[in-house]
Structures are given as structure tokens and as C-alpha cells.
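Structure first, then comments.
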Amino acid sequence: GQAEQHGMAKNTYMRWRLPLVCLLWEVAMIVLFGVFVRFGAEADAHWEEEKRGMNLTSDIENDFYFRYPSFQDVHVMIFVGFGFLMTFLKRYGFGAVGFNFLLAAFGIQWALLMQGWFHSFKDGKILIGVENLINADFCVGSVCIAFGAILGKTSPIQLLVMTLFQVTLFSVNEYILLNLLHVKDAGGSMTIHTFGAYFGLTVTRVLYRPNLEQSKDKQGSVYHSDLFAMIGTLYLWMYWPSFNSAISDHGDAQHRSAINTYCSLAACVLTTMAFSSMLQKKGKLDMVHIQNATLAGGVAVGTSAEMMLTPYGSLIVGSISGIVSTVGYVYFTPFLESRLHIQDTCGIHNLHAMPGLIGGIVGAITAAAATEDVYGKEGFIKAFDFTGVYQTRTPSIQGGFQAAGIVVSLLMAFAGGAIVGGILKLPIWGDAAAENCFEDGVYWEVPEDEESDAYHMHNPDKPASP
Amino acid sequence: GQAEQHGMAKNTYMRWRLPLVCLLWEVAMIVLFGVFVRFGAEADAHWEEEKRGMNLTSDIENDFYFRYPSFQDVHVMIFVGFGFLMTFLKRYGFGAVGFNFLLAAFGIQWALLMQGWFHSFKDGKILIGVENLINADFCVGSVCIAFGAILGKTSPIQLLVMTLFQVTLFSVNEYILLNLLHVKDAGGSMTIHTFGAYFGLTVTRVLYRPNLEQSKDKQGSVYHSDLFAMIGTLYLWMYWPSFNSAISDHGDAQHRSAINTYCSLAACVLTTMAFSSMLQKKGKLDMVHIQNATLAGGVAVGTSAEMMLTPYGSLIVGSISGIVSTVGYVYFTPFLESRLHIQDTCGIHNLHAMPGLIGGIVGAITAAAATEDVYGKEGFIKAFDFTGVYQTRTPSIQGGFQAAGIVVSLLMAFAGGAIVGGILKLPIWGDAAAENCFEDGVYWEVPEDEESDAYHMHNPDKPASP
Amino acid sequence: GQAEQHGMAKNTYMRWRLPLVCLLWEVAMIVLFGVFVRFGAEADAHWEEEKRGMNLTSDIENDFYFRYPSFQDVHVMIFVGFGFLMTFLKRYGFGAVGFNFLLAAFGIQWALLMQGWFHSFKDGKILIGVENLINADFCVGSVCIAFGAILGKTSPIQLLVMTLFQVTLFSVNEYILLNLLHVKDAGGSMTIHTFGAYFGLTVTRVLYRPNLEQSKDKQGSVYHSDLFAMIGTLYLWMYWPSFNSAISDHGDAQHRSAINTYCSLAACVLTTMAFSSMLQKKGKLDMVHIQNATLAGGVAVGTSAEMMLTPYGSLIVGSISGIVSTVGYVYFTPFLESRLHIQDTCGIHNLHAMPGLIGGIVGAITAAAATEDVYGKEGFIKAFDFTGVYQTRTPSIQGGFQAAGIVVSLLMAFAGGAIVGGILKLPIWGDAAAENCFEDGVYWEVPEDEESDAYHMHNPDKPASP
């Protein structure tokens with residue numbers, strides 16, 4: 001309490017700590033990549049010879065051409081989408097874009113290793129191709145989500161530590177779901193959104209700051225910061241069809257995922273606008289809702305988009321998720337903060353947690369409702385990969401396993417978030433005092449401009465204006 | 001007049017009207033999609049079986065891989081391109097991006113239905129795939145264009161009503177051109193730009209506001225709003241080759257469209273810069289021209305890009321359209337406003353209407369000039385689809401039909417715009433008073449920042465500063 | 001000196017000069033395109049017939065589908081990436097984005113011709129396809145790099161003149177490297193970055209302005225201009241894998257290039273952040289480093305990305321280049337300015353010159369170290385194109401030629417830059433006086449906004465505030 005109230009007691013000096021962590025970890029990555037990571041068959045120069053063995057008649061059959069455009073879209077979502085979405089704060093744009101950049105750049109390296117050990121390990125080597133790059137970006141997406149909950153309140157070192165642990169736990173959870181439970185989740189409603197959001201919410205609960213109202217004046221937006229955030233929103237919204245279809249099976253599954261997601265997101269915009277206006281006394285639209293709740297439709301079809309959800313099914317799911325998300329911003333977020341002490345800067349509970357749960361449930365129902373009639377005999381087997389030991393799985397059993405996937409993701413998120421939150425609470429990571437939260441000047445050289453007077457920091461090396 | 005002069009008489013309260021329209025219409029979409037919309041063969045899980053019947057040897061032959069990258073580029077043009085292009089106004093950035101988002105999200109749903117009934121209707125169902133998504137985005141593009149004329153002067157409900165009608169009329173016009181006249185217009189010079197722009201200009205004429213100079217101070221840009229607008233400009237400019245090639249025939253036609261458009265746009269930038277400097281006494285460049293007229297080259301090859309226009313032909317068309325468009329901004333826009341009472345906020349007459357006409361005419365000439373020598377025997381038939389009942393069409397007849405397509409588009413735009421403008425004039429839609437135009441505060445919660453004093457609104461719930 | 005000190009003596013009036021250059025040159029382009037440029041086989045309507053001869057069984061084998069998505073990413077890098085990266089200056093955003101737009105739009109036309117004569121010339125015609133568009137963008141990329149050194153200090157006419165000469169010299173240098181020396185350089189470490197950067201640095205040395213400190217107050221950034229610049233940074237960073245793989249051989253080579261670049265860039269972010277914090281007394285991160293040095297990893301694998309550099313090799317190269325680049329910003333840039341009179345506005349020496357050299361060297365080493373074991377027998381021949389007269393080249397000889405390519409690029413850059421710098425020094429091009437550098441108001445109509453008082457210009461038509 002005492003330390004919290006007097007920011008000067010907090011040591012946010014990064015000069016040796018941050019470089020040390022970055023450099024040591026990068027060296028570790030180099031060593032581990034040196035030992036483990038090699039090109040997969042389709043990226044290796046031997047491919048010229050091997051493609052005959054792979055029964056490929058043309059270079060265009062290389063997985064690169066099936067997935068690279070989607071990969072680039074996903075890449076934009078992670079770095080520009082999440083990065084700019086979080087620039088809405090008036091004085092935390094550098095931190096939003098810059099720390100997101102840092103944690104994602106580290107995270108994708110560590111994810112290539114973690115996911116590689118679980119899924120692409122052959123004869124002692126991790127063999128990577130474009131699909132691994134997409135999966136690494138996906139994994140990091142869950143960290144970006146968690147970052148949204150603690151935005152403005154943590155040091156870059158804390159973010160790197162969280163990334164290290166969260167990527168690890170993500171990979172374990174993903175392995176349990178995809179390999180042990182044999183669950184479908186191509187767009188990651190469960191693995192990315194549910195897990196990432198509840199993990200982040202648990203972390204922010206553990207890091208609860210009782211005096212955060214001291215930086216209340218910096219928690220809002222200014223006119224132009226809201227426009228920067230819309231860049232993030234729109235890139236997430238536009239490319240979400242690529243996100244949900246990026247790792248689906250070649251052909252109709254990728255095609256279908258994109259269509260379902262397109263429809264769901266379109267519907268979501270309308271219900272978000274409706275409820276944003278309706279829930280406000282003056283009837284005016286709120287940029288916070290437009291920036292966030294319009295995306296809930298993409299989250300909510302993450303599991304089912306590659307299934308035969310159908311376009312009208314997507315409209316229904318998108319409509320509902322827009323409503324739930326907007327209502328969440330108006331009613332749940334204040335409740336979570338005041339009653340449960342969950343300080344959720346970006347409202348990830350509304351954008352990722354609840355829509356992620358909806359996505360998991362819709363996926364379970366859609367799987368349980370699958371019939372050979374709807375999918376075709378071959379399509380049915382291909383869509384759910386009912387081959388080998390899973391040959392005898394019925395849709396309803398699959399639905400049950402899908403539901404189990406939600407529960408596992410939640411448990412992993414709560415347990416992992418609690419442990420990682422505890423680690424991040426140690427007083428060695430250089431987080432800022434409550435009155436300096438949401439302020440770039442703590443960790444960044446900030447140019448002196450006409451606004452700088454208005455938003456001066458309360459810290460020793462820059463005294464408040466007289 | 002009286003009501004116009006005293007803004008307080010205008011009721012811009014959206015709380016029940018906007019939610020009601022959004023929710024009712026979304027429910028209607030769900031019902032109609034439920035009855036009509038299904039996955040096309042290439043997106044349906046039955047594809048695994050059907051692709052044998054479709055004579056496809058590999059998943060890569062799925063139309064998804066031919067068109068999805070172009071689709072995503074078009075998607076960015078509609079939402080980021082048009083949205084940010086219109087953020088140039090100093091205090092209408094939320095409305096520009098946000099209302100564009102709203103109307104486009106509704107419009108693509110309604111366009112999937114309308115265009116589906118005309119073009120993808122089979123056994124009582126609309127079968128959709130990636131090409132339908134592109135076409136829906138195209139259709140909405142024409143609404144975004146019309147939005148440019150009335151930007152800052154209409155309520156979100158008016159925009160939704162306009163979208164409903166314009167998408168309907170667009171689809172009818174498109175059907176007449178593509179199916180009845182058998183006209184080529186892959187990049188939409190006629191169907192999208194000519195129709196959309198003259199429709200919007202007619203609407204804004206009907207909605208003429210005699211006292212608009214009361215909000216003159218808000219019709220300009222500020223330094224940063226001009227940079228936001230350049231994001232829109234550049235994304236439109238860069239992705240226009242994808243726009244014009246997105247629905248062309250597979251292979252050489254898509255390839256050719258992209259090259260022609262690339263060339264036309266490059267030339268257009270140079271003539272725009274030249275005339276922007278030349279037409280100004282001080283010789284300085286004007287951001288309005290750079291933001292808009294540089295794009296005219298894309299519009300002006302919309303019809304002919306997939307034909308054998310040739311790269312130098314594209315340079316000529318691009319050069320001319322840049323000149324015409326810039327001259328339009330300097331001389332025509334003020335004339336249209338003062339003499340014809342056409343208040344065209346974004347200058348769509350210069351960016352879409354005139355270049356659209358040029359595009360239609362160039363298309364007619366290029367078609368009329370086609371020879372088997374230039375196209376090759378098979379290429380000639382394929383390029384103009386001279387098969388079936390059109391087997392006997394000659395290039396000059398095709399040129400005549402192309403010209404007829406321009407006329408039909410103009411007539412549909414004028415008639416449709418007049419009717420829809422009349423509907424929008426009804427005093428029930430909640431548009432703002434003249435002195436509150438171009439001001440986000442009317443429909444949006446706007447953060448209080450250092451600029452807010454300077455741009456206070458004149459409305460009841462926020463009195464002018466003392 | 002005298003003229004430099006009294007800006008009023010400088011004539012920056014563009015009204016007749018700029019339009020004249022733009023229009024004459026565009027006419028020249030049209031004539032030259034008319035004489036020389038035609039569609040390549042895959043973009044020509046005859047393709048329908050020719051594809052049988054080309055042994056292609058499907059439209060998807062058209063090069064368009066192999067390269068168009070990468071082309072669009074490269075296009076974004078040139079226009080949004082470079083354009084916005086340079087908007088970091090507080091009052092030069094219009095010039096950064098707008099002049100980059102102008103020079104690139106002219107440059108791609110001229111590059112299509114120059115590179116066409118060298119590489120795509122057949123029976124008196126230049127035959128173009130999507131690969132030519134990529135190469136034209138690449139060529140212009142080297143001009144955008146050079147622009148970074150002289151940003152804010154030159155008139156648009158000077159930029160056009162520089163573009164004319166630099167594109168010409170680029171094409172000659174590229175021809176020497178790729179055709180005469182048979183060097184590999186798909187991502188352009190030597191042809192684009194080394195050549196472009198040292199060319200630009202030589203030009204800025206020749207144009208040395210002794211009194212530039214008179215505009216010191218405008219050489220910095222403001223809060224929002226730094227965020228605009230991050231848009232440029234991130235698009236360059238995200239799409240660099242496309243840049244380095246865009247013109248590699250179909251199949252594994254494109255796939256491999258993307259993976260290597262992805263890895264290198266990820267590592268580069270961590271070492272940049274580490275050194276940015278470490279080299280600053282207060283330990284705070286500097287946006288200049290984050291905006292620029294994070295990209296060095298893409299430059300530094302430009303030559304070797306398509307080779308079997310391996311993911312861990314990429315991490316090493318990326319890590320080192322991030323360090324070198326950041327150290328460059330802190331120590332070399334001030335040294336170059338004070339001692340060598342090289343005024344490098346954007347620090348291209350750190351972002352392109354040194355990493356470009358690293359890239360050339362790493363490429364030479366990687367080539368020299370190639371073995372049939374690592375590449376496979378066929379892959380080895382294909383990767384280095386050891387066919388025809390080059391059948392007997394060994395890896396070590398190839399490594400020697402690669403090294404020679406670096407030297408040639410450097411010599412071309414120094415010689416060309418000196419000559420072109422001399423031409424640009426002529427007092428006829430309308431550059432601004434030292435005290436008006438880095439100020440949009442010289443060449444642009446700038447909206448009057450709240451900031452305009454603070455940054456008034458010192459020029460005749462706008463007197464300093466009383």
C-alpha cells in the first residue's frame with residue numbers, strides 16, 4: 001500500500017534488466033534452434049527430388065501456395081491488429097504497439113519450438129514450414145489477448161516472462177485438445193481465445209492494483225488515439241476470415257471457414273451498433289464498443305467456421321456475440337473491476353473470453369449435429385478426421401469431447417494464470433507505480449510536444465510542472 | 001428554412017431508432033439467409049466427392065485459391081480504403097470510419113442475397129463461394145462512393161436506408177448490364193463507379209442544404225487528419241490491381257487486368273501532381289488532389305483492364321483521368337455546389353463519376369477495336385464470352401452494347417437517386433442541423449481532449465463555451 | 001553560404017517546373033511504352049492457345065498465382081511501408097508520404113523499361129508479367145532508401161531527377177551482378193540495399209548543408225507522428241518475408257526464403273530492444289531504434305534467405321544486424337554528420353547500408369558453404385542455377401563472385417551518387433533554404449490548425465508571427 005501510493009519507491013529502471021533478458025533469451029533461442037529446428041520437406045532444397053516421392057506434379061502443390069496468403073493476413077492481425085487496437089489510450093501508444101511487437105517477436109520463436117516439439121518432431125528434429133509459422137502466430141495471439149487485460153500496468157520484462165510461460169502452457173493445452181481429446185478448433189475459440197483471455201484475466205486479478213484510480217485521467221482516449229485504434233480493429237475484422245481458415249484442410253474447408261467468418265462478422269457489426277446506441281442514455285455510439293465488440297463474431301465461430309455451420313448459422317452466432325460483447329462492456333466490466341477486482345484494461349472479457357466460450361459451445365453443438373447427409377460420406381470423415389483410432393467416433397461423442405476441450409482450456413487458464421500472476425507479482429520486474437500506469441514516459445523516450453505538459457508524469461526524473 | 005436555421009429543432013436522438021433498424025434488419029437477414037443461402041459446391045463438405053465430377057485433380061483448383069488473395073485486398077479497400085479516405089475532415093473521423101463500417105457490414109449481407117437471386121440461384125437456393133463475397137464487396141463499394149457525397153450530413157439511419165435501396169438498384173442495374181446487354185465490366189467502371197457516383201450526387205442534390213456554410217469551419221482538414229486519409233488513399237491505390245482483376249477469368253485475364261491497372265495508376269499520380277501544382281497560384285500541392293485524383297486511373301480502366309488495353313494504353317488512360325479529376329476538384333466542384341446545388345463532400349464527381357464515364361467509354365472503344373489477331377482465336381471468344389446466343393456478336397456490336405451500358409447505368413443512377421433522395425428527405429431519420437454537420441459529437445461519444453474546446457458543437461446537451 | 005543563410009533568396013516556387021517535368025516525362029513514358037512494352041505470354045490473350053505449348057495443364061500454373069500475393073505485399077512495403085516510415089518528422093508527413101508516392105509512381109514506369117531492356121527483351125519488345133512488376137517495385141525500393149537520407153532537404157523535382165538516374169544505374173548494376181557475375185540476390189541485399197543506401201549517402205554528402213541546425217527544431221518527432229511511422233515499420237517488418245521470397249524460384253525456394261526472413265526479423269526485434277535500452281543512460285527505449293533497427297534483420301538475409309541458411313542461421317544474422325543497426329543510430333550517425341558531413345535524416349546507414357553489407361557477406365559465405373549433401377543433387381544445381389556455362393562453378397567460386405557483387409554495388413553507388421549529387425546541386429531545382437527544411441509548408445498547402453502557430457515557416461509569403 002505504502003509503496004503503491006508513493007511511486008518514487010518503484011524502480012522502473014530498465015537499463016540492465018531488459019537487455020539482459022532479451023539477449024540471454026535470444027541466445028537460448030539460437031542454441032535451441034541450432035539443435036532442433038530444420039526446414040520441413042516442402043521448404044528444403046531436397047524438395048526438388050522429394051516432390052516426386054510426395055506425388056506432387058507441380059510446384060503449385062507446395063503447401064506454401066495454399067497457406068502463405070492467409071499466413072500474411074494472420075501476421076498483420078498479430079502485429080498491426082492487436083498492436084494498434086491497443087493504442088486507444090491517450091498516452092500509451094508506444095507501449096501498445098512497441099511491447100506487443102516485442103512480446104510477439106519473442107513469442108513466435110518460442111512457439112515454433114514448443115509447438116514443434118509437440119507436433120512437428122521427427123527423428124530428433126523439428127521440421128518447419130508455413131503452417132508452423134501460422135501456428136506460432138496463433139499461439140502468440142493468445143498472449144496478445146492476455147496483454148490486453150494488463151495493458152499499461154506492467155513492465156516489458158513482465159510481459160516477456162508472461163510470454164515465456166503462456167506460450168508453454170498454450171502448447172500443452174493445445175496438445176491435450178488437438179491430440180489427446182482429438183478436438184477440432186482451427187480458429188482457436190478454445191485454444192486461443194478462451195485460454196488466452198481467462199489466463200490474462202486471472203493474471204490481472206492476481207496483480208490487482210487498489211490505487212489504480214490515481215492514473216484514471218490517462219485511462220481514456222483522445223480523438224486521434226481512437227482513430228489509430230480503428231486501424232487495429234479493421235485489420236482484425238477484415239482478416240479474420242483468413243485467421244479462421246488459415247490451418248483448415250485444403251479445399252472446401254478453407255473456403256467454407258472464410259465464408260462463415262465473413263458472415264458472422266458482418267452480422268456482429270449491426271448488433272454491436274444497435275446495443276451501443278441502445279445502452280447509452282444519450283443514444284450515442286461508443287468507440288470502445290465499435291473497436292472491440294464488432295470483432296466478437298470472429299471469435300465466436302473460431303471452432304465451427306470450418307464445419308457446416310452454414311451462412312445463416314454464422315449470422316445467428318455473430319449477432320448474438322455482438323450483443324453479449326457490447327452488454328459486457330457496459331455492465332460486466334465495471335462489475336468485474338468493482339466486485340471481483342479484475343482490472344481489464346481492454347475489456348478482453350467481452351471481446352475474447354465470453355465470445356470464446358460461445359465459440360467453444362457452438363463448435364460442440366455443430367459437431368454433435370453433424371450428419372453424413374450434410375457432409376457427404378467422405379466429407380464427414382475428412383471434416384472430423386474420423387480415421388484410425390477415431391474411426392468409430394460418432395458426432396455426439398465428438399460434441400462431448402469438444403465440450404471437454406472448453407473445460408480443459410478454462411482449467412489450464414485459471415491454474416496457469418494464477419501461477420504466472422504470482423511470479424509476475426515479485427517486486428523485481430520493474431513495473432510502474434499506480435500513478436504512472438498508462439504512461440509511455442516510464443519506459444520510452446517520449447518527444448516533447450505541445451501535449452506533453454498536459455500529461456506530465458509523476459516521477460523523479462521529470463518533476464511536475466510548477 | 002426555419003428549422004434548418006435553428007438546429008435545436010432537429011432531433012438527432014438515435015437511442016431507439018438506430019437499434020430498431022439494425023436489429024430488425026439483421027433478423028430479416030437471418031431469416032432470408034436461412035431460407036435461401038447455402039454453400040456453393042467448392043465450399044461444401046460434399047466437394048470431396050464432387051471434385052471428381054468437376055474434373056478437378058487437386059485441391060488447388062478450388063476457386064478459393066484463384067481469388068481469395070484478391071478478395072482480401074478488395075475487402076481492405078472497402079473497409080480501410082474508403083473508411084480512412086473519408087477521415088480527412090477534422091472532426092468526422094469516427095463517422096467516416098464507423099458509418100462506413102456499419103453500412104458496408106449491412107450492405108454485404110443484403111448484396112449476397114440480391115446478387116445471389118440474380119446470379120447464383122439454383123433449385124431455390126443461393127449457392128455462395130468466394131466470388132460472391134467479392135461481388136458483395138463490389139456492390140457495397142458503390143454505396144461507399146455515394147456515402148462520399150453526403151459525408152457529414154446524414155444520420156446513420158439514412159445511410160442504412162440508402163444502402164438498402166442502393167444495393168437493390170445496383171443489383172438490378174448489374175443484371176441488366178451483365179446478363180441482358182452481355183456487357184463486360186469486371187472492374188466496375190459502369191456498375192460500381194458511374195452508377196454509384198451519379199446515384200450519390202443525385203441524392204445529395206435532393207438533400208441540398210442551403211445553410212451549410214454554417215459548418216464551414218468543420219469542412220476542412222487538420223494536419224493529422226490528412227495523414228489518416230492518406231492511409232485510405234494508399235490502400236485503395238495499391239490494391240486497385242486486385243480490385244480490377246478479382247473476378248476476371250482465371251489465368252491471363254486476371255494477370256492482364258492487374259498489369260493494366262498498375263500502369264494506369266502510376267501514370268495518374270504524375271499528372272495529378274502536375275495539375276495540382278499548376279492550377280494553384282502558389283504552385284503548392286494540395287492534399288485533396290493527392291488523396292483522390294491519384295485514384296482516378298484505377299476507376300478509368302475498370303472496364304477495359306481485362307481486355308488487351310496494353311500497358312501504353314493504360315498509361316494514356318491513367319494520365320488523362322488524373323488530369324480530368326484534378327481539374328474537377330479545382331473548377332467543377334465549386335461550380336456544382338454554387339450553380340447546381342450539388343454539395344459533394346468528398347468530390348466523388350471527380351474521383352468516381354467522370355473517371356467512371358471515361359472507363360465506360362474506354363471499355364466500349366477497346367471492345368470495338370478487338371480483333372482475333374490481337375486476342376488469338378480462342379482468346380477472343382473467351383475474353384468477350386462470345387458463346388451460345390452471343391456467338392455472332394462482332395466487336396463493334398459489343399462496343400455499342402458497352403456504350404448502352406453506360407447510358408443504362410446513368411439512368412438508373414438518376415432515377416434511383418431521385419427516389420431514394422426523396423425518401424431520405426423525410427424528417428424522421430434524425431439527420432443533424434446545418435450547423436452541426438461534419439461533427440462527430442452528434443452521433444458519437446467523443447473523448448474530451450485538448451481540441452474539444454475549439455470544435456464545440458451547437459446543440460442542446462452541450463452548450464457553447466461561455 | 002550567403003544564400004544558404006538567407007532562405008528568401010531560394011526560389012522554391014514549383015508552379016511551372018514541377019508540372020513540366022511530370023508531364024514531359026509521362027509523355028516520354030507513354031511513347032516508350034508504346035514502342036516497347038507488351039504483355040508477356042502469361043498475361044496475353046493468346047495464352048489460352050499458348051499454354052498448351054507451355055505444357056501447362058491448368059490456369060493455376062500461370063505465374064500470376066505463384067507471385068501475385070507476394071507482389072501485393074511488396075507494393076504495400078514500397079508505398080505504405082517506406083512512405084509512413086518517414087512520417088516520423090513532426091511537420092514533414094505530407095512530404096514523406098506524398099513525395100515517396102510521386103517518385104515511386106514515376107520510378108516503377110521507368111524501371112519497367114530499364115529492367116525490361118536488360119531482362120525481358122525479345123524481338124524488339126519488352127514482355128511484362130507479374131515478375132516485372134515486382135522487380136520494378138524492388139528497383140524503386142532502392143530509390144525510397146536513398147530518399148531517406150535526403151528526406152526534408154530536397155524539392156520534388158530533385159527527387160524525380162534522382163529517381164531517373166538511380167533507376168538507370170540500379171538496372172545497370174543489377175545486370176552486372178545477376179547476368180555477368182551470375183550472382184544470387186533475390187532479396188536484394190546488394191542490388192537494393194547496399195547500392196541504394198550508399199548511393200543515397202553519397203548524394204546527401206554532396207548536398208551537405210552547413211547550416212542545417214537552423215531547422216533543428218523540426219527534425220524531431222511528435223507523439224502521433226511516431227505512431228504514424230510505426231505503421232510503416234510494421235508493414236515493412238510483416239511483409240519482408242514476401243519481399244525476400246517474391247522472385248525466388250517456385251516451390252521450396254520461395255517457401256524457405258519466407259521462413260528464413262521470418263526468423264531473422266523476430267530475432268532482430270529482441271536485440272534492437274536490448275541495445276536501445278542499454279545504450280541509453282535512463283534505460284528507456286527509443287522509438288527511432290524500434291522504428292528502424294528492427295528491420296535490419298530483413299535486409300541482412302536478403303541474399304541468403306533463399307539459400308539453405310537454416311532457421312538458426314537466420315536467428316544469428318538477425319540478432320547481429322539488430323545490434324549493429326542500433327549501435328549505428330547511437331554512435332555512427334552523429335559521427336557521420338559531424339566528421340564526414342553526411343546528413344542522414346532517416347539513418348539509412350544503419351538500416352540499409354550496414355545490414356546490406358552484412359547481407360552480401362552472409363550470402364557469399366552461405367553460397368561458398370553450399371554442398372550437394374545439404375541441397376541434394378538437383379536442388380544444388382537449381383538453387384544456384386549451375387547450368388549452361390555455369391555448369392562447372394563450385395560453391396567457393398560462387399562465393400567469390402558474390403563478394404565481387406558487393407564491391408561492384410559499392411563502386412556503382414559511390415560513383416553514381418557523386419555524379420547525381422553534383423547534378424542535384426545545380427541551383428535550378430527549387431530546394432528549400434536550410435531554415436525551411438523538414439517543413440511541409442514549402443511545397444504543400446497545409447491546413448491551418450492549432451499547431452500551425454508553433455511551426456510557422458520563415459518564407460516570404462507567410463511572415464513570421466509578430
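Below, chain A is the first sequence line, B the second, and so on; all start at residue 1. What you see below is based on every heavy atom in this structure, not just the backbone, and it leaves out hydrogens, waters and symmetry mates. Because the structure is a prediction, the values reported are computed rather than measured.
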Which atoms of [X] approach chain B - backbone, side chain, both or neither, heavy atom under 4.5 Å:
{"X": "D137(C)", "answer": "both"}
{"X": "Q109(C)", "answer": "side chain"}
{"X": "F228(C)", "answer": "side chain"}
{"X": "W444(C)", "answer": "both"}
{"X": "F36(C)", "answer": "neither"}
{"X": "D59(C)", "answer": "both"}
{"X": "I231(C)", "answer": "side chain"}
{"X": "L112(C)", "answer": "side chain"}
{"X": "Y65(C)", "answer": "side chain"}

Considering non-hydrogen atoms only, spot the tightest contact between [X] and [Y] and give its length.
{"X": "L102(C)", "Y": "V269(B)", "value": "CA-CG1, 4.1 Å"}
{"X": "Q72(C)", "Y": "D73(B)", "value": "CG-OD2, 3.4 Å"}
{"X": "S319(B)", "Y": "I30(C)", "value": "OG-CD1, 3.7 Å"}

I need the residue from [options] with the largest number of non-hydrogen atom pairs under 4.5 Å to chain C.
{"options": "K382(B), K281(B), Q291(B)", "result": "K281(B)"}
{"options": "D286(B), D226(B), T233(B), T272(B)", "result": "D226(B)"}
{"options": "G379(B), G251(B), A253(B)", "result": "G251(B)"}

State, with a plain yes or no, whether a side-chain heavy atom of [X] is found less than 4.5 Å away from one of [Y].
{"X": "F101(C)", "Y": "M230(B)", "answer": "yes"}
{"X": "L18(C)", "Y": "M278(B)", "answer": "no"}
{"X": "F275(B)", "Y": "C22(C)", "answer": "no"}
{"X": "R52(C)", "Y": "E378(B)", "answer": "yes"}
{"X": "H255(B)", "Y": "F39(C)", "answer": "no"}

Using non-hydrogen atoms and a 4.5 Å limit, figure out which bit of [X] sits close to chain C: side chain, backbone, both or neither.
{"X": "V288(B)", "answer": "neither"}
{"X": "E61(B)", "answer": "side chain"}
{"X": "N62(B)", "answer": "neither"}
{"X": "S242(B)", "answer": "both"}
{"X": "A383(B)", "answer": "neither"}
{"X": "T271(B)", "answer": "both"}
{"X": "C268(B)", "answer": "neither"}

Output yes when a side-chain donor or acceptor of [X] lies under 3.5 Å from a complementary backbone atom of [Y], and no otherwise.
{"X": "H46(C)", "Y": "D373(B)", "value": "yes"}
{"X": "E48(C)", "Y": "G376(B)", "value": "no"}
{"X": "Y235(B)", "Y": "V80(C)", "value": "no"}
{"X": "E49(C)", "Y": "K377(B)", "value": "yes"}
{"X": "Y312(B)", "Y": "M29(C)", "value": "no"}
{"X": "R15(C)", "Y": "K282(B)", "value": "no"}

- In terms of side-chain heavy atoms, does D44(C) have a donor or acceptor partner in Y375(B) at a distance below 3.5 Å?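 Not at all, the side chains of D44(C) and Y375(B) share no donor-acceptor pair under 3.5 Å.
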- Message: Quick one about Y68(C) and S245(B) (side-chain donor to acceptor, distance below 3.5 Å, no hydrogens or angles considered), yes or no?
- Response: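 No, because no side-chain N or O of S245(B) sits under 3.5 Å from a partner of the opposite role on Y68(C).
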- Task: Taking the six-membered ring for Trp and the full ring for Phe, Tyr or His, determine whether the centres of Y262(B) and H75(C) are under 6.0 Å apart.
- Result: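 Yes: the rings meet the under 6.0 Å criterion.
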- Message: Which label fits W237(B) and F79(C): parallel for a plane angle under 30°, tilted from 30 to 60°, or perpendicular past 60°?
- Response: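 Tilted: the ring planes of W237(B) and F79(C) meet at 30° to 60°.
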- Hey, could you give me the CZ/CZ distance between R256(B) and F64(C), rounded to the nearest 0.5 Å?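 Reported to 0.5 Å precision, the distance equals 11.5 Å.
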